[in-house]
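To start, the structure under review is shown below, and the notes come after it.
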2 protein chains.
Amino acid sequence: MDIKEFAQKIGVSPTTISHAISGRGRVSDATRELVLQKMKEYGYTPNLNARRLVTGRSFLVALVHMDREFLAHIFTMELVRAFLAPLKARGYDLLLNVTAESTVEYSGLLERVDSRAVDGSIILGEAEIPGELLRELGRSYHPCVAISHYRVGSMPHVGSVVLGLRSGARQVAELLVKQGHTNIGFLGLDSADQMPRFFAEELQNLGIRLSDSNVMIEGHDAEDGAEGLRKMMSQPAPPTAVFARTDVLALGAIGEAKAMGIDVPGSLSVVGHDDLPLVSLMQPSLTTLRRDRMHIATSAVDMLFQLMEDPGAMVAERLIDSKLVLRQSAGPVK
Amino acid sequence: MDIKEFAQKIGVSPTTISHAISGRGRVSDATRELVLQKMKEYGYTPNLNARRLVTGRSFLVALVHMDREFLAHIFTMELVRAFLAPLKARGYDLLLNVTAESTVEYSGLLERVDSRAVDGSIILGEAEIPGELLRELGRSYHPCVAISHYRVGSMPHVGSVVLGLRSGARQVAELLVKQGHTNIGFLGLDSADQMPRFFAEELQNLGIRLSDSNVMIEGHDAEDGAEGLRKMMSQPAPPTAVFARTDVLALGAIGEAKAMGIDVPGSLSVVGHDDLPLVSLMQPSLTTLRRDRMHIATSAVDMLFQLMEDPGAMVAERLIDSKLVLRQSAGPVK
DNA sequence: TTGAAAGCGCTAACAT
DNA sequence: ATGTTAGCGCTTTCAA
């Protein structure tokens with residue numbers, strides 16, 4: 001049943017119905033009551049796609065990601081979850097599966113954007129988000145907010161939430177040094193990651209040198225963490241503390257330490273990064289850097305709606321730092 | 001730029017453009033080439049909402065859930081992720097944030113459905129999915145697939161993926177009995193859950209009695225698991241093995257056991273349920289029941305598209321069982 | 001193989 | 001306060 005048919009059935013005009021539903025038009029309370037009442041009775045429900053076509057708004061926000069496996073990271077999953085409530089509070093749904101892998105894919109994205117199929121986008125990038133993509137989006141006057149480790153050059157319609165690494169590096173450095181560690185290791189992900197540099201610099205500031213032989217860049221999996229730790233501990237003067245770039249690496253390292261008969265945190269302190277679910281339940285529970293998912297999500301959503309409401313708005317970049325969560329896996333040097 | 005303007009610019013009719021893009025119409029190869037070529041050149045991209053209005057298809061599937069906190073379960077997050085690839089393979093996106101909490105919310109859902117804003121729905125229900133909801137959906141000829149622990153009465157346009165509990169209960173019972181345990185406990189979620197009954201029955205079949213005092217229904221959190229285990233082990237004749245309804249309960253229990261000086265699995269075996277990420281990395285690694293997320297997701301999506309392609313199809317219910325993953329936390333009785 | 005015209009169901013000026 | 005009318009941008013008969 002369309003609005004015309006429904007209008008005839010209940011004896012008012014389509015306009016009145018539209019007004020009654022949106023609440024935006026001038027209708028008498030009595031008429032509005034009647035319309036809403038009859039809607040249920042007849043089971044009429046407006047066609048969203050028609051509305052979207054004519055209003056140019058969809059009440060949809062897309063979550064754009066660079067690769068198809070982005071949800072493999074548990075942290076990202078939790079982030080996705082965190083977007084839901086703030087969006088729902090504004091009457092918005094979240095669109096998933098929008099990848100921006102290549103130029104080919106950009107077009108699919110731009111199609112959805114130019115055609116007003118989504119009102120805004122949140123762009124997730126573990127690595128750097130291609131400037132070309134952001135420029136393309138900006139050019140189509142599409143409000144979007146990028147979330148990544150990197151700063152995004154200021155451009156119109158594009159907000160940015162930066163997940164800072166520097167502060168976390170400092171907090172870990174300070175903790176370990178305070179606990180008396182002087183021989184410290186780092187277990188990393190890949191060569192593009194900035195964390196090892198930051199960590200080395202922060203240790204330097206505290207008078208400790210992160211030697212190259214104590215930096216292991218192995219990969220993403222627990223096995224990589226185990227492998228890295230094994231190498232590190234097989235050196236003549238093995239470190240007494242290790243900062244692992246992710247909790248998964250940290251857990252792999254702890255497992256390997258146990259296998260090698262090294263007590264954590266008795267003989268080796270381990271600090272992770274992410275505060276994934278369950279790491280507080282391990283034995284020992286994991287000391288790690290936590291990023292507040294809700295904070296990230298509400299910041300991004302707030303920013304996005306600012307841009308959506310005022311297309312001219314120049315939104316400031318927002319930096320969000322990690323916070324050290326003290327648990328059992330790191331302790332004073334013996 | 002709309003199709004009309006674009007048509008004039010490149011000197012063909014809107015019809016031809018539509019045909020060239022969809023590939024459905026009869027157009028010469030040369031013309032199609034031209035159109036696609038010029039699309040990039042001029043940056044024309046069709047309006048999706050207009051297309052959706054006229055075709056009645058949106059290439060969107062909604063993920064419907066009963067409460068707002070559904071993504072709090074890590075298992076559910078992983079399920080969401082698993083839907084993405086099969087949907088993308090068919091050119092579909094996934095719509096998140098569609099709750100069906102109350103009758104009020106049903107209307108929001110039905111609006112999206114009746115208005116063809118989504119082509120189909122996947123309904124997630126940890127508990128039983130309200131029959132009324134499914135009937136409403138079926139009545140609007142809306143293809144949907146329910147995923148839950150419960151069987152859904154057969155009705156048109158509604159498929160069902162049942163996450164069976166019985167088989168898992170049997171596998172755990174068999175494992176523990178084979179390992180020589182005779183005094184066995186259960187750590188449960190809530191009174192609505194069928195698992196304790198199934199587990200008791202399966203133990204019964206093997207000649208073991210699950211005594212009421214060994215069944216603790218405490219809640220969802222690790223603390224609940226710890227609390228339950230403490231009570232259970234404080235009894236005169238504490239069990240030598242415990243089946244926990246979820247991995248989180250199991251981890252809470254293991255933590256508490258350690259705190260009580262009880263070795264796992266030396267003096268107490270613990271089996272969990274879900275195989276959450278990281279539980280394989282704990283010390284000891286967790287023996288648990290695993291449900292194949294990809295299998296569930298592809299089953300549901302396959303079923304959904306069957307219903308979408310052939311509205312008359314009566315889709316068979318599909319049962320998916322858990323599989324025991326043997327790790328370290330459960331072992332032979334000493 | 002291509003084009004003209006009608007209409008998808010709604011909203012929003014503009015009357016009344 | 002309510003109704004009339006003209007599109008929104010596309011697809012799809014139908015005709016050429």
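Here is the naming used below: chain letters follow the sequence lines, and residue numbers restart at 1 for every chain. Just so it is clear, the structure is predicted and the values come from calculations on it, not from any experiment.
Between His73(B) and His220(B), the ring planes are tilted. Angles from 30° to 60° get that label.
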Using a cut-off of under 3.5 Å, enumerate the N/O to N/O pairs linking the protein to nucleotides 14-16 of chain C.
none

List every contact pair, protein side and nucleotides 8-10 of chain D side both N or O, where the distance is under 3.5 Å.
from    : atom 1 : to       : atom 2 : distance (Å)
dC10(D) : OP1    : Tyr44(B) : OH     : 2.6
dC10(D) : OP1    : Asn47(B) : N      : 2.8
dC10(D) : OP2    : Ile3(B)  : N      : 2.3

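Computed from coordinates, the Ile17(A) CD1 to dT11(C) C1' distance equals 13 Å when rounded to whole Å. For Arg57(A) and dC10(C), the CZ to C1' distance is 16 Å, given to the nearest whole Å. Going from atom CD of Glu33(B) over to atom P of dT1(C) covers 15 Å, rounded to whole Å. Atom CD1 of Ile21(B) and atom P of dT12(D) are 12 Å apart (whole Å). Distance CZ (Arg112(B)) to P (dG9(C)): 20 Å, rounded to an integer number of Å. Between the CZ atom of Phe59(B) and the P atom of dT11(D) there is a distance of 11 Å, given to the nearest Å. Distance Arg32(B) CZ to dT2(C) C1': 14 Å, rounded to the nearest Å. Rounded to an integer number of Å, the gap from Asn49(A) CG to dC10(C) P is 11 Å.
Listed by first and then second residue, the ring-ring contact (aromatic ring centres under 6.0 Å, His included) pairs that reach into residues 89-121 of chain B are Phe59(B)-Tyr92(B), Tyr92(B)-Phe305(B), sequence neighbours excluded. Within the structure, the salt bridge (Lys or Arg N to Asp or Glu O under 4.0 Å) test picks out the following pairs touching residues 9-19 of chain A (sequence neighbours left out): Glu5(A)-Lys9(A). Judged as a ring-ring contact (aromatic ring centres under 6.0 Å, His included), the pairs with a partner in residues 34-58 of chain B (not counting sequence neighbours) are, in order, Phe6(B)-Tyr44(B).
Across all non-hydrogen atoms, the minimal contact from Ser160(B) to Val162(B) is OG-CG2, 3.6 Å.
Residue Thr15(A) has no polar side-chain atom (N or O) positioned under 4.0 Å from OP1 or OP2 of dT11(C). For Arg24(B), a side-chain nitrogen or oxygen approaches OP1 or OP2 of dT12(D) to under 4.0 Å. Distances shown here put a side-chain N or O of Thr16(B) below 4.0 Å from the OP1 or OP2 atom of dG3(C). Remark: Thr31(B) is not in phosphate contact with dT1(C), judged by side-chain N or O atoms under 4.0 Å from OP1 or OP2.
For the pair Asp119(A) (side chain) and Ser58(A) (backbone), a donor-acceptor distance under 3.5 Å is present.
Partners of Arg112(B) according to the side chain to side chain donor-acceptor pair (under 3.5 Å) rule, which considers only residues two or more places apart in sequence or in another chain, are Asp93(A).
One finds a salt bridge joining Lys38(B) and Glu41(B) here, because a Lys/Arg side-chain nitrogen approaches an Asp/Glu carboxylate oxygen to under 4.0 Å.
Environment of CZ in Arg151(B): sparse, with no more than 12 heavy atoms of neighbouring residues, nucleotides or ligands closer than 6.0 Å.
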